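Residue numbers begin at 1 in each chain, while the letters A, B, ... track the order of the sequences. Just so it is clear, the structure is predicted and the values come from calculations on it, not from any experiment.
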Protein chains: 2
Amino acid sequence: MSDHDQSPHLTASSSNSNSGDALPPVGEHARQYETVRNAHETELIEDYVELIGDLIQHRGEARAADIATRMGVSQATVSKMIRRLNELGLVTSKPYRSLFLTEEGQKMAETSRARHDIVLHFLRALGVNDHTARIDAEGMEHHVSNETLSIMQRFIDEQTRR
Amino acid sequence: MSDHDQSPHLTASSSNSNSGDALPPVGEHARQYETVRNAHETELIEDYVELIGDLIQHRGEARAADIATRMGVSQATVSKMIRRLNELGLVTSKPYRSLFLTEEGQKMAETSRARHDIVLHFLRALGVNDHTARIDAEGMEHHVSNETLSIMQRFIDEQTRR
DNA sequence: CAAATAGTTTAGCCTTGGCTAACAATGATA
DNA sequence: TATCATTGTTAGCCAAGGCTAAACTATTTG
């Protein structure tokens, strides 16, 4: 039935020089998309936690209003999100008071920040202009595996050690 | 969470040497997040269209069942999505028949495919292993600006011309 | 210290993108 | 040709992440 399987299709448009042309085997292909879907679920969470960590570090505290303006989102949305972060054990908050990260939240914030920094520095080291690099980094950071991250780090090191 | 994970992270420390540490100005910061949110809206659409294009090219036709197994998603979900693509003028479909891309759909498929390929080749040229590169590329492709894309292309060219 | 302003939360709505279950059409084949 | 497996569609559910409007709390200030 579903075993149309991988028909051996010789790269019809051979002009493109590579092995990436053929469709991946079904199972693998599905797993790729699944990975992306999963990343999407955690992405926003990580962005919030990272931002909260940054605000605490640079401003001394994280207030819902600041999060809202920095995220470009309504305060109501932030409030709802904070409830979720609370349920997930990432922040603690008393009503009408400012937020704190739990231990787990702090770990997540640090990891996210580190990843973000590597991607951003990498893009700049590659030659991407600062403004673009920031935007791209914000989107890319959640989709870069640790393997790729460490290769990026190596690239940065080589580049700057020169 | 991320399944393809292992390496240690002694790295972040070294990256404290820069201007990226301070929070960006509020407006700019908000615009970064907005860009990501917008990307999210088109991402899935592009993935479907790209996949449909690939199926047509490699298999001669795109059937809902194949899309479902490749995406790792139920047929009902695909069916619903196809209706949306239809409304957006990206595909044409008669019930119970296989799909075709409109002209606009084809353009989108080509663009997506090209972007995807560049990112994938770039990662491989960087030294990322094929399997990881595929997964990362799938997630990253929608967040890479044209500027970065062309820098990646240049990098590939230099790398392979050696 | 009371009133105004600023900040936070809640209620209720909307859209997306998943799902399952039930039903409908197609096409192979007995 | 009648049956049945495969494929496609529809209905109806759910959670997430937006929004606005209204209610509530905290803080500033007259």
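Taking atom OH of residue B/Y96 and atom C1' of nucleotide D/dG8, one finds them 5 Å apart after rounding to whole Å. Taking atom NZ of A/K94 as the reference point, atom C1' of D/dA26 lies 15 Å away to the nearest angstrom. Rounded to an integer number of Å, the gap from OH of A/Y33 to P of C/dG18 is 12 Å. If you take CD of B/E43 and C1' of D/dA16, they are 16 Å apart, rounded to a whole angstrom. In this structure, A/E87 atom CD and C/dT9 atom P are separated by 13 Å, rounded to whole Å. As a whole-Å value, the separation of B/N38 CG from C/dT16 P is 14 Å. Nucleotide D/dT6 holds its C1' atom 14 Å from the CD atom of B/E61, rounded to whole Å. The separation between A/N86 atom CG and C/dT8 atom C1' is 14 Å, rounded to whole Å.
The hydrophobic cluster containing A/M152 also contains B/L149, counting ILVMFWY residues as joined when their side-chain heavy atoms lie under 4.5 angstrom apart, directly or transitively.
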Please test B/E50 against B/R113 for salt bridge (charged side-chain N to carboxylate O under 4.0 Å, His left out), starting from the C-alpha separation and ending with a verdict.
CA-CA 6 Å; B/E50 188 182 334; B/R113 156 98 348 243; 3.1 Å; yes
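Taking every heavy atom of both residues into account, A/L123 and A/M140 meet most closely at CD1-SD, 4.1 Å.
Panel note: side chain A/R115, backbone A/V144; no donor-acceptor pair is recorded below 3.5 Å. At least one donor-acceptor pair closer than 3.5 Å links the side chain of A/S112 to the backbone N or O of A/M108.
Residue A/R63 places at least one side-chain N or O closer than 4.0 Å to OP1 or OP2 of C/dT8.
When distances run from any side-chain atom of A/R83 to the nucleotides C/dT10, D/dT27, D/dT10, the shortest one goes to C/dT10.
Residues B/H40 and B/H143 place their aromatic rings such that the two centres sit under 6.0 Å apart.
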Between the protein and nucleotides 17-19 of chain D, list every N/O to N/O distance that falls short of 3.5 Å.
residue	atom	partner	partner atom	Å
D/dG17	OP2	A/R84	NH1	2.3
D/dG18	O6	A/K80	NZ	2.4
D/dC19	OP2	A/S74	N	2.9
D/dC19	OP2	A/S74	OG	3.0
D/dC19	OP2	A/T77	OG1	2.7

